[in-house]
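Written out below as structure tokens is the structure these notes cover.
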Amino acid sequence: EITKEQQALMKIITDAYNRHQIPQDVAKKLLQDQYSAEENFLLLTEMATSQVQVLVEFTKNIPGFLSLDREDQIALLKGSAVEAMFLRSAQVFNRKTPSGHTEVLEERIRKSGISEEFITPMFNFYKSIGELHMVQEEQALLTTVTILTPDRPYVKDQQAVERLQETILDVLRKLCVLQHPQEPQYFARLLGRLTELRTLSHYHTEMLASWRMNDHKFTPLLCEIWDVQ
Ligand SMILES: CC(C)c1onc(-c2c(Cl)cccc2Cl)c1COc1ccc(-c2ccc3c(C(=O)O)c[nH]c3c2)cc1
């Protein structure tokens with residue numbers, strides 16, 4: 001079962017995950033009433049930029065992350081940003097509370113210049129995440145596992161990242177058994193979502209290329225993290 005130090009680790013990560021969220025005044029912008037493709041793209045760009053800032057702050061709270069090589073920290077952030085944002089936006093879609101963000105977020109994503117071939121897998125993913133009914137600890141740990149993926153491009157000390165990731169995977173596996181005793185393959189299903197995230201990340205690269213073809217501008221932070229412009 002989960003040891004004392006694993007409990008402590010899970011608490012640190014879950015508290016950090018809940019603490020670092022998009023500011024409500026930024027999220028509320030989703031509710032404003034312009035719905036042109038241009039307006040939707042600008043709003044989503046603002047949300048993504050704010051989400052990346054939140055992600056950077058969250059990552060600093062992952063025990064051991066700041067002890068990694070500085071360049072590897074950057075490589076892990078760049079390599080996982082899109083996947084972490086898919087997980088975070090999936091949470092918004094599967095939130096039960098009538099924040100109203102769910103409908104407008106879906107509407108804006110569907111009408112922001114993303115081609116149908118990417119929209120379908122994207123919303124299939126959101127649905128498959130919803131069906132997992134993850135508790136918040138599982139969401140926080142799964143995002144952390146995604147960030148600590150050793151084989152991202154340009155990571156030098158993959159072993160160091162692997163050691164950190166294995167520590168988190170061990171806690172997540174035990175938590176899944178505790179939270180879903182009637183579903184022994186639940187942990188495997190969670191890890192299956194990480195494979196789906198990689199595919200979405202490849203689609204995302206093409207989404208960026210097609211937005212740029214139509215002369216869409218990104219913010220400096222997004223250009224840096226996504227190596228565009
Ligand atoms: C540059 C733009 C156009 C872009 O490119 N690819 C993607 C993109 C898309 Cl379109 C889908 C998935 C991942 C990415 Cl990066 C995006 C938009 O990324 C987003 C959009 C929306 C949120 C988002 C919204 C609301 C909330 C929320 C709340 O309401 O309380 C709490 N946290 C939230 C986060 C995050 C990131």
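Whatever order the structure lists ligands and atoms in, that order sets their numbers, starting from 1.
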Taking distance alone, with N or O pairs closer than 3.5 Å, would you say S89 contacts ligand 1? no
Measuring from atom 12 (C) of ligand 1, which candidate in Y126, F41, F125 has the nearest non-hydrogen atom? Y126
Please answer whether the main-chain N or O of T3 pairs with a side-chain N or O of Q6 as donor and acceptor at a distance below 3.5 Å. yes
Which ligand 1 atoms does L30 reach within 4.0 Å, using its non-hydrogen atoms? 25 (C)
Using modelled atom types only, decide if a donor and an acceptor are shared between the side chain of T102 and the backbone of V92 within a distance under 3.5 Å. yes
Looking at ligand 1, is there an atom of it that comes within less than 4.0 Å of some heavy atom belonging to Q91? no
How would you list, by chain and number, every residue that makes a side-chain contact (heavy atoms from CB on, under 4.5 Å) with Q185, sequence neighbours excluded? E183, R189
Closer than 3.5 angstrom, by distance alone: can the side chain of W226 be matched with the main-chain N or O of A81 as a donor-acceptor pair? no
Show the atoms of ligand 1 that are less than 4.0 angstrom away from any heavy atom in L222. 1 (C)
Can you list the atoms of ligand 1 that are under 4.0 Å from a heavy atom of Q51? 32 (N), 33 (C), 34 (C)
Tell me whether ligand 1 is touched by T49 - counting only heavy atoms on the residue side and a distance under 4.0 Å. no
Scan side-chain atoms only and decide if Q179 and E137 contain a donor-acceptor pair under the 3.5 Å cut-off. no
Side-chain donor-acceptor pair present, R193, S128, cut-off under 3.5 Å: yes
With respect to atom 15 (Cl) of ligand 1, which of M85, K28, R110 exhibits the smallest heavy-atom separation? M85
Is W211 in polar range of ligand 1, meaning some N or O pair under 3.5 Å apart? no
Under the 3.5 angstrom rule, does the side chain of T59 hit a backbone N or O of L55 as a donor-acceptor pair? yes
Does R88 count as lying over the ring of Y17, i.e. NZ or CZ under 6.0 Å from the six-ring centre, within 45 degrees of the axis? yes
Does H216 come within less than 4.0 Å of ligand 1, judged by its heavy atoms? no
Proximity to ligand 1 by part of W226, non-hydrogen separation under 4.0 Å: side chain
Under 4.0 Å from a heavy atom of L105: which atoms of ligand 1 are those, numbered in the order shown and with their elements? 21 (C), 24 (C)
Nearest non-hydrogen contact to atom 2 (C) of ligand 1 from the set L55, L44, V92 belongs to L44
Report yes or no: does E138 contribute a side-chain atom to a donor-acceptor pair with the main-chain N or O of V135 at less than 3.5 Å? yes
Which atoms from ligand 1 have a heavy atom of H204 less than 4.0 Å away? 5 (O), 6 (N), 7 (C), 15 (Cl)
Per the salt bridge (Lys or Arg N to Asp or Glu O under 4.0 Å) rule, what does the pair list look like for residues 59-82, sequence neighbours excluded? E57-K60, D69-K156, E71-K156, K78-D227
For ligand 1, indicate whether the residue T45 contacts it via side chain, backbone, both or neither (heavy-atom separation under 4.0 Å). both
